[in-house]
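To start, the structure under review is shown below, and the notes come after it.
Per chain, numbering begins at 1; letters A, B, ... match sequence-line order. Hydrogens, waters and symmetry mates play no part in the numbers below; they use all other heavy atoms, side chains included.
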2 protein chains.
Amino acid sequence: MNADTSPTRGEATRDALVRAAVEIFGRDGFDAAGTRALAEAAGVNQALINYHFGGKAGLYHAAIEYIVGRVREHIDPLLATIDAQLGDDVPAEQCLAMLLQLLDAFVVVLTSEESGTWARLILREQQDPSEGFDILYGSFMSRVLGILTHLIGRIRNIDPDSEAADLLGFTLFGQVLVFRTGRAAIERRTGWQQFSKREIAAIQAQIHSNVTAILMQETTE
Amino acid sequence: MNADTSPTRGEATRDALVRAAVEIFGRDGFDAAGTRALAEAAGVNQALINYHFGGKAGLYHAAIEYIVGRVREHIDPLLATIDAQLGDDVPAEQCLAMLLQLLDAFVVVLTSEESGTWARLILREQQDPSEGFDILYGSFMSRVLGILTHLIGRIRNIDPDSEAADLLGFTLFGQVLVFRTGRAAIERRTGWQQFSKREIAAIQAQIHSNVTAILMQETTE
DNA sequence: GTCTATAGTCGGATAGAC
DNA sequence: GTCTATCCGACTATAGAC
């Protein structure tokens, strides 16, 4: 209805609410987050949540889709590049390099301050899936897992749709994921105050070493 | 004050509340969990939360300590066995076997239905640590990480207190942890409805393969 | 130690002026 | 599209009978 390139007043309100919602819902969870806190964090009136999103649940839904957008912003270019290179017969070494590149990208994303905000929301959906999880899984999780197992299939010369490829994918990704899910314990153990370039590089080096060892070992059976 | 071996009526109430609290707090989080829901799930009167625990926060604290007890019940015997064997000069192969045994135990615990309940609570504390996290970390997390890095140090012949040992410990444990933290995505990808003996064995086999490959590779630098 | 009843606060949603 | 004011239900905690 509005063909202006400049955002209308209403759109600015919507945007402020969504950004605040990611923060507040991520920190407090859906039930514990209050509409008053959401509105205050966004700097808008409380009644506008209902006007723009039809209620608290509608705002939550919008927050999920915002997260999807941010995550895809980070990984879609990389996934597209990998997809493009997977058409031909690529040697295993190149597939491994792409896989490591993908995991490197996730190390950066998952250790970033920004991800701390929305990773909580995703983690909640993993433990107690709502309709929001359908969106998250369909939007990027399945795609990442698909690429991951595809690459693993090429490298290990196994069926990418097999259970073996899945389990390898989960365990490889788990090595990266733990730096977000277990962050508090990791900070205590290491004394790290934040994850700056040095720590990220050290993590990536460890992942490289592990993944190469796992995927390049001789097949025993 | 009460030297009876049989539980008094009050102790039964306390116990019912704590068990319900682990369930409800785990599912809903501290703020979203209501005292009415807690009392109803325990089958006791709402006012008894205040009488026995001084309030909702006191009950949460008791729930954390209950979880600590359950986790230690699972892992303490194993940790003690490993500790006992670590006194002498044990060969790397035996250390690897013990490490795999430890990870196997965590696969069982983290895929169990029971852990689904309290793992949520621990995950929340990891993302947003409260005083509860101090208890969790001090009670078993630091101990598990300590044993893990100790074993890794022996196997790879490196300092167990080094960053290298820590990073290895995190990534190895991450391979197990992902089956709890990413459970919803894993269920979708694999179609598994639950983790029964077959699935657990497959996961353990994959972990064995991965960990052996990681720790038994030749040192390159 | 357990109950009912209730005080006092805060939650989401809405009506209606502008 | 945004605001104030308000309804009504749910919350934690407590007082007091038993």
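- As rounded to whole Å, 11 Å separates atom P of C:dT2 from atom CZ of B:Arg14.
- A salt bridge between B:Asp134 and A:Arg188 is present, with a side-chain N of the basic residue lying under 4.0 Å from a carboxylate O of the acidic one.
- Look at B:Asp83 and B:Arg143 and you find a salt bridge, because one of the NZ, NE, NH1 or NH2 atoms lies within 4.0 Å of a carboxylate O, short of that distance.
- In this structure, A:Leu17 places its CG atom 15 Å from C1' of C:dA13, rounding to the nearest Å.
- If you check every strand for non-hydrogen atoms under 4.0 Å, A:Ala33 touches sugar and phosphate atoms only.
- For the segment residues 40-64 of chain B, residues with any heavy atom less than 4.0 angstrom from an atom of DNA chain D are, sorted by number, B:Gln46, B:Ala47, B:Asn50, B:Gly55, B:Lys56.
- Classification of A:Arg27 and B:Asp128 as a salt-bridged pair fails, no side-chain N sitting under 4.0 Å from a carboxylate O.
- At C:dT2, one or more side-chain N or O atoms of B:Thr13 fall inside 4.0 Å of OP1 or OP2 (strictly under the cut-off).
- Nucleotide C:dG11 holds its P atom 13 Å from the CG atom of A:Asp31, rounded to whole Å.
- Looking at B:Lys56, its side chain does come within 3.5 Å of a backbone N or O of B:Phe30 through a donor-acceptor pair.
- Salt-bridge annotation for B:Arg198 and A:Glu163: present, with a side-chain N of the basic residue lying under 4.0 Å from a carboxylate O of the acidic one.
- The pair A:Arg70-A:Glu73 meets the salt-bridge criterion, since a charged nitrogen lies less than 4.0 angstrom from a carboxylate oxygen.
- Rounded to whole Å, atom C1' of D:dA10 lies 16 Å from atom CD1 of B:Ile24.
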